**Q** 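One structure, as structure tokens, below. Some questions next.
By convention here, the first residue in the shown sequence is residue 1. No experiment lies behind these values; they were computed from the predicted model shown.
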Amino acid sequence: MESAASIKHKEDMISFEVFRKTVLEDFKTAIISREVSLLGRREVLTGKAKFGIFGDGKEVAQLAMAKFFQPGDFRSGYYRDQTFMFATGLSSVEQFFSQLYGDPDLKNDPFSAGRQMNAHFATKFVDDNGNWLDLANRKNISADMAPTASQMPRALGLAFASKCFRQGLQLSQFDNLSHNGNEICFCTIGDASTTEGHFWETMNAAGVLQVPLAVFVWDDGYGISVPKNFQTTKGSISEALKGLEKNEDSNGIHIYKLKAWDYAGMCQVFEEALQRVRETHVPVLFHVEEVTQPQGHSTSGSHERYKSAERLEWEKEWDCIKKMKEWMFENGLSNEEELSDIEIAAKEYVREARQTAFNKYFDPIKEQAANTATLLKEMVVHDIDKYSQLQQMSNELNSLKEPQRRDVLRALFIATEIAPESPSADDVKLYYQELLTESKQLYNSHLYNQSNKSALKVAEIKPLISFDAPLVNGFEILNKYFDALFTQNPKVYAFGEDVGFIGDVNQGLAGLQDKHGKDRILDTGIRELTIVGQALGMALRGLRPIAEIQYLDYLLYGLQVLSDDVATTHFRTKGQQSCPLIIRTRGHRLEGIWHSGSPLGMIINSLRGMYVCVPRNMVQAVGIYNTLLASNDPALVIECLNGYRLKEKMPANLLEFAVPLGIPEIIKEGDDVTIVSYGSTLRIIQDAADRLHKEGISCEIIDVQTLLPFDINHKIVESLKKTNRILFVDEDVPGGAAAYMYNQVIEGQHAFQWLDVSPRTLTAQAHRASYGSDGDYFSKPNAEDVIRVIREMMSE
Ligand SMILES: Cc1ncc(C[n+]2csc(CCOP(=O)(O)OP(=O)(O)O)c2C)c(N)n1
């Protein structure tokens, strides 16, 4: 019989062998990843790809981190994380190269369909019908972005959603989205990017909120060329953050310092620390130091320009893969021969994957180039000069090793310029059109939702307002609506400054925290940037956040997240991720510079990819909220700051009626002039129209209701056909949103032919509004201004 000692020895040998295999597997991934970086850079330097940024030097830390990334977890990171992606199986090497080439086929670049630079990863969150996938059982990557630290606000929201799922009893039914809020958001960031306000605001908010956020700082000592002593107080992010550190009876974050080459040390610390994050929801920061960057920042420059010879030497010595190898030898886990075999096989594997990606990208274009070359060669022309030009173009196309779609389309277009009379010109044009249509689908689609969850597919349902419906203050309509909404839909959350306890500064949510819970209607710090990020992360995880920006003037603080992240999410993932957040705010005229803003030109030009809604009263606002909540598109809703105490009739079907987006409403019919506007200004226009009526001038007033989208059925031009005069009025600066409306109607709706007099705009002054009622009167358009302009138009 075998002795107990012998059995024990055998078991130890088996578990050692299992451990050894795991380490060898990790080593292989590190070598593959390094080879990807080396070869990737070569692809750019030889002109096959345009730009490259790689994760060399971060391999070992990411192998350790990847071990503890579980199904249900999220990553909000940046462009250095290829090893993590390979180790978790969320990216293949081939897919990495497909993105490097800019392959627009989603099957090849599943992260962005060629829409993003390389190493900008994402996984699919919603299916093609707009339904959320079972994210609780998948490893999830929110779509990466290039602006430094832009992953931070979103990371806060992804982590905060776990807190919602853990606290919200009614949310337990959505077990495809969460398992009791056990999910961690892993967030990676470079040391220099921690200098951004985004980082600080997020870390502070995470410390206050106590959410499962794990931040990994890859500290390689530089932000491109600028060393960390120029970036961070004390030259150390973990030292600088000490004040946020949690102690026994405070909130805050846990902080660890680690070395990027210490595979075993990192595995041990990550395991323990991350388990604690999962259980306690206390955020953690891992300051991973002594990271190297063997090839420098990116393909755009060389690090020899700014790193000293000693630093470069140090980086070679402390390269994490070299150190991992040494550690493996020291611990008897492998030998030179075995690792050398792994290295040779890994190189071959990467070369093959690169070639496959290359072929998949170029083969379809080569085919198009060959078809075009044949079409051009066979064009029938009788002019010898034209003939030889076409032959030359055909030969040139055929000889291109790496043709681009634009080379093909350009050649087809030029061919029809050279020989429009050719009997084959129609075939050439036809092929051109076919390829143009295909390319538009490849490069320009999915700015907005195209599935059944598009907000544009929500049909109008009129509010039921009986003749004896009670006249109430505008805010009371919102209040009653939100009360019903929170009862009906457990996924809806509202938060912002002064939103919880007092129920927002205009009482739209007054009393509702008591009724629906502190976890659903909550106060936040004064931190617009991360309020938006919080909403974004929640929306990505399938919740329906209504995040409040207290006044429109403060939207600027959150605009970067809205513009760079929210508005591009659907586009940059080609529809694989949706973030149906609602930003609720209030604006237009009231008092002084920062409580009367209406900078809609700036907003609509920075938020293409979101919808921008400008309801004239609270009933319309409710109808818009209903439309948005029935769909998956993100939107900004600007309530009228001076409308909360105006009387409106309470609709009976508060939760049902829906105001369709992009459908203007004629709020007063007339024959002489069409006045197009939105929001608070409509009341001024109504006053002017009543007075003009007494002069015999009949105004038709149109409320556009939403600026994005804008009058999708071209209703305004129909009005113009009747009046032949048009005036666009708003409170934005000259050349702002009124100019946008002008452009949409005059050019977009071919309105020019229906005009009898010059189309006009009437806007606020170029400066911000002066204070007080007179300040308002002389800064924003007033009824007298409207009357003056319309009289001029009538006598032109
Ligand atoms: C807002 C913004 N400013 C500047 C840049 C240009 N830029 C790209 S990466 C980078 C340095 C980032 O350094 P670090 O955070 O240490 O990350 P690393 O690249 O070293 O991993 C800079 C300045 C940017 N992408 N975004």
Side-chain angles (χ1 to χ4, degrees), residues 58 61-62 64-65 68 76-78 80 148-160 162-163 184-223 226-262 265-292 318 524-527 529-531 533-534:
K58 280 105 190 151
Q62 292 179 23
M65 165 195 178
F68 309 104
S76 179
Y78 79 120
R80 295 284 180 213
T148 47
S150 59
Q151 67 274 37
M152 298 301 302
R154 171 171 15 104
L156 179 77
L158 291 166
F160 182 75
S162 287
K163 183 169 172 159
I184 297 178
C185 177
F186 286 48
C187 175
T188 59
I189 184 165
D191 57 301
S193 300
T194 64
T195 314
E196 296 277 12
H198 293 47
F199 175 83
W200 292 89
E201 196 175 305
T202 300
M203 295 315 296
N204 177 56
V208 170
L209 290 171
Q210 297 291 276
V211 290
L213 176 68
V215 179
F216 300 76
V217 181
W218 307 140
D219 184 354
D220 58 18
Y222 293 84
V226 182
K228 62 181 172 184
N229 286 336
F230 284 57
Q231 309 266 6
T232 312
T233 302
K234 301 180 186 175
S236 163
I237 192 60
S238 48
E239 292 300 317
L241 278 174
K242 279 264 161 72
L244 295 190
E245 202 157 14
K246 179 177 163 48
N247 57 42
E248 241 169 54
D249 35 42
S250 75
N251 59 14
I253 63 174
H254 292 301
I255 299 175
Y256 295 87
K257 279 191 193 189
L258 300 143
K259 303 289 182 212
W261 42 263
D262 180 10
M266 284 186 292
C267 286
Q268 194 185 352
V269 172
F270 287 162
E271 181 171 25
E272 274 171 37
L274 290 167
Q275 186 54 30
R276 189 157 60 155
V277 175
R278 219 175 275 289
E279 284 164 12
T280 63
H281 280 193
V282 177
V284 64
L285 177 120
F286 300 109
H287 182 191
V288 182
E289 299 179 287
E290 301 188 14
V291 181
T292 67
W318 290 90
T524 67
I526 307 173
R527 51 173 180 82
L529 183 82
T530 48
I531 288 174
Q534 197 170 332

**Q** So do the side chains of M152 and E196 get within less than 4.5 Å of each other, counting heavy atoms only?
**A** no
**Q** Go through the steps to decide whether K58 and T188 satisfy the test side-chain contact (heavy atoms from CB on, under 4.5 Å), and finish with yes or no.
**A** CA-CA 11 Å; K58 280 105 190 151; T188 59; over 6 Å; no
**Q** Is D191 close to Q231 at the side-chain level, that is, under 4.5 Å between some pair of heavy atoms?
**A**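 Not touching, per the 4.5 Å side-chain cut-off.
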**Q** Of all the heavy-atom pairs spanning L244 and N204, show the shortest one and how long it is.
**A**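 Reported closest heavy-atom pair: CD1-N, 4.1 Å.
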**Q** Give the minimum heavy-atom separation between S150 and P153, together with the two atoms involved.
**A** O-CD, 3.5 Å
**Q** If the test is side chain to side chain contact (heavy atoms under 4.5 Å, CB included), which one of V277, V211, L158 qualifies with I184?
**A** V277
**Q** Going from OG on S236 to NE2 on H287, what distance comes out if it is rounded to the nearest 0.5 angstrom?
**A** 5.0 Å
**Q** Could you check whether any side-chain N or O of Q210 sits under 3.5 Å from a backbone N or O of G252, counting only pairs where one atom can act as donor and the other as acceptor?
**A** yes
**Q** So, taking the atom named CE in M203 and the one named CG in L285, what distance separates them when rounded to the nearest 0.5 Å?
**A**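 Result: 5.0 Å between the selected atoms.
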**Q** Under a 4.5 Å cut-off applied to non-hydrogen side-chain atoms, are R278 and P212 in contact?
**A**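 In short, these two side chains do not touch, never coming nearer than 4.5 Å.
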**Q** Taking only residues two or more places apart in sequence, or in another chain, which ones meet V269 in a side-chain contact (heavy atoms from CB on, under 4.5 Å)?
**A** Y256, L258, F286
**Q** If I take atom CD from residue Q534 and atom CG from residue L209, how far apart are they, to the nearest 0.5 angstrom?
**A**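 Q534 CD to L209 CG: 5.5 Å, rounded to 0.5 Å.
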**Q** Working to the nearest 0.5 Å, report the span between CG of L213 and CD1 of I253.
**A**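 Here the interatomic distance stands at 9.0 Å.
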**Q** Please walk me through it: do K259 and E290 pass salt bridge (Lys or Arg N to Asp or Glu O under 4.0 Å)?
**A** CA-CA 6 Å; K259 303 289 182 212; E290 301 188 14; 3.4 Å; yes
**Q** Looking at the rings of F216 and F270, which for Trp means the six-membered one, are their centres under 6.0 Å apart?
**A** yes
**Q** If you compare all heavy atoms of G235 against all heavy atoms of N229, which two are closest, and at what distance to 0.1 Å?
**A**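 Closest heavy-atom pair between G235 and N229: CA-OD1, 3.5 Å.
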**Q** To the nearest 0.5 Å, tell me how far H281 NE2 sits from K163 NZ.
**A**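 Between atom NE2 of H281 and atom NZ of K163 there are 9.0 Å.
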**Q** So, for G223 and A192, which heavy atoms are closest and what is the spacing to 0.1 Å?
**A**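 So the two residues come closest at CA-CB, 3.3 Å.
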**Q** Looking at every non-hydrogen atom in both residues, tell me the closest pair between L156 and A205 and how far apart they are.
**A**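 Where L156 meets A205 most closely, the heavy atoms are CD2-CB, 3.8 Å.
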**Q** If I take atom OG1 from residue T202 and atom CD from residue Q151, how far apart are they, to the nearest 0.5 angstrom?
**A** 9.0 Å
**Q** If you define the side chain from C-beta out and look only at heavy atoms, does anything of Q62 sit under 4.5 Å from W218?
**A** yes
**Q** Flag the pair R154 / H198 as yes when at least one side-chain heavy-atom distance between them is below 4.5 Å, and no otherwise.
**A** no
**Q** Ignoring hydrogens and angles, tell me if any N or O in the side chain of W200 forms a donor-acceptor pair with the backbone of T194 under 3.5 Å.
**A** yes
**Q** Please lay out, stage by stage, how I237 and K228 fare under the test side-chain contact (heavy atoms from CB on, under 4.5 Å).
**A** CA-CA 9 Å; I237 192 60; K228 62 181 172 184; over 6 Å; no
**Q** Ignoring hydrogens and angles, state whether a donor on the side chain of E271 or Q275 is under 3.5 Å from an acceptor on the partner side chain.
**A** no
**Q** Where do I189 and S193 come nearest, in terms of heavy atoms and distance?
**A** CG1-CB, 3.5 Å
**Q** Flag yes if more than 12 heavy atoms outside E245 fall under 6.0 Å of its CD atom; otherwise flag no.
**A** yes
